[in-house]
Amino acid sequence: MSETNSSPVAFGAGGAPSAEVAAPHRYTAAMAADIEARWQDFWDLDGTYEAPNPSGDLAGDEAVVARPKKFIMDMFPYPSGAGLHVGHPLGYIATDVYARHQRMTGHNVLHTLGFDAFGLPAEQYAVQTGTHPRVSTEANIENMKVQLRRLGLGHDKRRSFATIDPDYYKWTQWIFLQIFNSWYDEEAKKARPIADLVAQFESGQRATPSGRPWGELSAVERADVLGGYRLAYASDAPVNWCPGLGTVLANEEVTADGRSERGNFPVFKANLRQWNMRITAYADRLLDDLDALDWPEAIKLQQRNWIGRSEGARVDFSVDGRDGARITVFTTRPDTLFGATYMVLAPEHDLIDAILPAEWPQEAQGKDAWTGGAATPAEAVAEYRKQAQTKSDVERQTEHKDKTGVFTGAYALNPVTGARIPVFVADYVLMGYGTGAIMAVPGQDERDWEFAEAFGLPIIRTVQPPEGWEGEAFTGQGPAINSSNDEISLDGLDVTEAKARITEWLVAKGIGEATINFRLRDWLFSRQRYWGEPFPIVYDEDGVAHALPESMLPLELPEVDDYSPRTYDPDDADTQPETPLSRNEEWVDVELDLGDGVKRYRRETNTMPNWAGSCWYELRYLDPHNADKLVDPEIERYWMGPREGQPHGGVDLYVGGAEHAVLHLLYARFWSKVLFDLGHVSSVEPFHKLYNQGMIQAYVYRDGRGFPVPATEAEERDGKFFFEGEPVKRELGKMGKSLKNAVTPDEIAAEYGADTLRLYEMAMGPLDVSRPWDTRAVVGQYRLLQRLWRNVVDEATGEVTVVDEEPDEATLRALHKAIDGVGQDMAAMRFNTAIAKITELNNHLTKTGGPVARSVAERLVLLIAPLAPHIAEELWRSLGHPDSVVHQDFPVADPAYVVDETVTCVVQIKGKVKARLEVSPSITDAELEALAVGDAAVVAALGGADIRKVIVRAPKLVNIVPA
Ligand code: ANZ
């Protein structure tokens, strides 16, 4: 980039259409391409977007560090092979505009973008094509970088990385080890090093679960005890096994009808040894800390529901004829205990086998609905379990689904009525919630009512329903009824009182207590995949898990020939996962010295889920090259630490799609809290402000058979749509290859330039609302830029036309109003209205005609710089400024020109002037009348007289006629 002060723009010669010959210096797509490429190169060379750290290898200008900081972040992309369409960069453009405005208003702005690059899509592509996932992923990243660079995003590229970089995942593994090596101290309400727990066991301060002294436990027993406390632990648990994909899946990756989200294969419940993260230990804090976050309420609500705190009670029921056997239930309605007429165990419940009698009892004779026609309870239950295994939790819980179940042959005793109540197994009760067992109260619970009706079970109401309430459960409020025995009566109490009373009684009897239950489950953390972070864990001969020392990190993925998981017949539930890493004997079977001499170990062969890499990436942006520490504490405190209004610290703005409401955001919050507890970071929360951008939708055109046809080839005639002469139907849908309506940013940039694309995306509507893409409308923003150009540069000569003169009053008003409005809009991310105001000012200048005053032109360029940075740089340079526009101060409005012009209104009483008011020229008659009669001088002049009539001629005259 040359240092000339007024460079007429150079652009590629040759082939210019005739219109451009007439105006060789008109702003065209070709010129935009030239300007944009030059400035993108300049920014890279200059390091324009590099944000200095207070210390370390990225330390820089102290004056910039001393400014208030802004850490502005996007949810980083997963680089897919399909490349970007115009919907993808909506959020990236928005954060870029915002970041640019923040830079111009005196902030040290950290804005960069990395890549989330482990995960299933790359691996599945690899399985299909034989290309190594690293090769295809890196190619995709390169391709995406080219696409993004063309948009002129102001990223600090020194801080970018991909989650697959070994010097990044080294720290993902390191964090795993921190989590593995810690436990949650319920008293201190925080994570602590596991060594502290061991010390408590050793000293006897804390008893082991078996009560045996720590010193007497074998290594395996100790490992088991600690496994019960560690925040990352392996356990045998029922998991979602998907034979078709060859892997287990998190609940969130399974659809409502029990199939894999990816690939649509059946998913089965299977017991497998897996790694889990004890996120449940943080349930309360994850809930409480939401309050101080600046997040959309809808997302907070989704997190609250996902965590699902419910207050209730645990109640023990004894089993008739089985001394010592107890069924413990969790209920939110202990007040309804008198109406518990049967019980249900989840099909997976441990206790079932222990309570099954060998034979059906007398009462079950002839009840085929209860016995399922099976000869023995054991057979009936086995048959029922098989059916239940094929259903997802969501499917099992679907409301008003036909209730299924089978009698166990066993009876429990209702502790308040003494009634023998039958125990069923039914899949509407889930093993993963509460205790996996319920007391069923058909009178007060809809699901229980349906079940009771289907199985002919008694129904006793324990809350008085309103008059005429019949034929269904009553779940509302009312006084308790039918709820007395010799010892306790709840009758007449309202629900809250009754709950408290019965809970007291249960506690006194030693058969229950108040308890809080969470819907949140521990996070299943193992995947049977190749393309993920290897666990830094090895097993000794006894199967005890050992952490690798930090010096052995990163544990890199081995090169393998076959990285596909073993998949099976998708319908074969009796299969077991076989991990790709397990086939790699030299890697799996190792000799290591973990501090007690060289020994043989076997490596863990699962990999981490692809959520892992996105759980802490905000921290790596801060200190991206640190090889010794996760992040330098000083740097972390500078960018993320708590501040006024941000008590938990965190990123200042995080923009992304609402689809990440619970998974990514909950997992990242959890890791953040563990790292905080262990003293590695000062921020308790990763993201202080969250903003969800809307979606860019696109029209889909479908032919008579309902298949999408290429959207660009659909034609409109008289409001109807045709493709190759045949009528097609138009609807609004997602943008993408499969619907044949994808528009790429590259196409639009080629046709108009990236600045136009940026403006169009920001002008489409409020950022958080979904909006349909309309390629034909893009030209509107192109024209804005052409007029802007013309207001500064002579299209024929390329000379700058601005004059060093004072602008007229009307122009000053238009300018300062625009400055005021645009500044406020940008700070509030209302980019569409900011553009409208810039357009208005620009149009004012065009209409006024004649050369534009330099002071106005310069400020207009500064106003549009965050939105259209390339043309702004070019014009700024042309206007004689050697420095980049990026770090200029955003214009400040002169309030004198922002307030509306006023006119003097004369207020007369009986034709005599009593007051003069300064009012807006656009004041209405009604407003003016109110002002006039309320004016102190007028009130005094009236001296309490009633008013007969007021004649108003806004804005100049009010005449008051007293009675
Ligand atoms: C008796 C009762 C009476 C119940 C009544 C409700 C209404 P939330 O609010 O979601 O926590 N429940 C407990 N564990 C269950 C499981 N594993 N699977 C399915 N249902 C389960 O709901 C708690 C209520 O859901 C509990 O309170 C229990 O039914 C049921 F009028 O107990 B309740």
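Predicted model, so just to flag it, every value in this text is computed and none were measured. In listed order, ligands and their atoms are each counted from 1.
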[X] side chain to [Y] side chain, donor-acceptor N/O pair below 3.5 angstrom:
| X | Y | result |
| --- | --- | --- |
| D677 | Y184 | no |
| D491 | S484 | yes |
| S235 | W275 | no |
| E604 | N606 | yes |

Quick one: is the NZ or CZ of R519 closer than 6.0 Å to the six-membered ring centre of Y433, and within 45° of its axis?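 Satisfied, under 6.0 Å and within 45°.
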When you measure from the centre of the six-membered ring of Y654, is the NZ or CZ of K689 under 6.0 Å away and within 45° of the axis?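 The answer is no; the distance or angle limit is not met.
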What's the shortest distance from [atom] to any protein heavy atom, and which residue and atom give it?
| atom | answer |
| --- | --- |
| atom 19 (C) of ligand 1 | Y428 O, 3.4 Å |
| atom 12 (N) of ligand 1 | I438 CG2, 3.4 Å |
| atom 31 (F) of ligand 1 | Q444 CB, 2.9 Å |
| atom 1 (C) of ligand 1 | T331 OG1, 3.0 Å |
| atom 27 (O) of ligand 1 | T332 N, 3.0 Å |
| atom 30 (C) of ligand 1 | R447 NH2, 3.7 Å |
| atom 18 (N) of ligand 1 | L430 N, 2.9 Å |

With the threshold set strictly below 4.0 angstrom, can you tell me whether any protein non-hydrogen atom sits that near atom 25 (O) of ligand 1?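 So atom 25 (O) of ligand 1 has protein heavy-atom neighbours under 4.0 Å.
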Atom indices of ligand 1 within 4.0 angstrom of V429 heavy atoms, with elements: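 So the answer, numbered in order with elements, is 16 (C), 17 (N), 18 (N), 19 (C).
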Using a 4.0 Å cut-off to any heavy atom of M439, which atoms of ligand 1 qualify?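 Result: 1 (C), 32 (O).
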What I want to know is whether [X] and ligand 1 share at least one N or O pair that is separated by under 3.5 angstrom.
| X | value |
| --- | --- |
| S310 | yes |
| D445 | no |
| T336 | no |
| R519 | yes |
| R333 | no |

If the plane angle is over 60° it's perpendicular, under 30° parallel, otherwise tilted; pick one for W671 and F525.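 It falls in the tilted class, 30° to 60°.
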Without placing hydrogens or testing angles, list every side-chain donor-acceptor pair under 3.5 Å for residues 351-365, not counting sequence neighbours.
| from | atom 1 | to | atom 2 | distance (Å) |
| --- | --- | --- | --- | --- |
| W360 | NE1 | A374 | O | 2.9 |
| W360 | NE1 | A375 | O | 3.2 |
| E363 | OE2 | R420 | NH1 | 2.7 |

Taking the minimum heavy-atom distance to atom 11 (O) of ligand 1, which of F518, F474, F330, Y433 ranks first?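 Result: the heavy atom closest to atom 11 (O) of ligand 1 is in Y433.
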Pairwise side-chain contact, Q444 with T475, heavy-atom cut-off 4.5 Å (strictly under):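 When only atoms from C-beta onward are counted, T475 and Q444 do not touch, as no gap falls below 4.5 Å.
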Would you find a donor on one side and an acceptor on the other, under 3.5 Å apart, between the side chain of T607 and the backbone of R529?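 Judged by distance alone, yes, a pair lies under 3.5 Å.
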Mind checking whether V441 contacts ligand 1 via backbone (N, CA, C, O), side chain (CB onward), both or neither, at a 4.0 Å heavy-atom cut-off?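 Contact part for V441 vs ligand 1: side chain (C-beta onward).
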Just to be sure I read this right, does ligand 1 sit under 4.0 Å from the backbone of M431, its side chain, both, or neither, counting only heavy atoms?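 Looking at M431 and ligand 1, no heavy atom falls under 4.0 Å.
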Can you list every ring-ring contact (aromatic ring centres under 6.0 Å, His included) pair that touches residues 468-500, not counting sequence neighbours?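 Every ring-ring contact (aromatic ring centres under 6.0 Å, His included) pair that includes a residue of residues 468-500, provided the two are not neighbours, is W469-F474.
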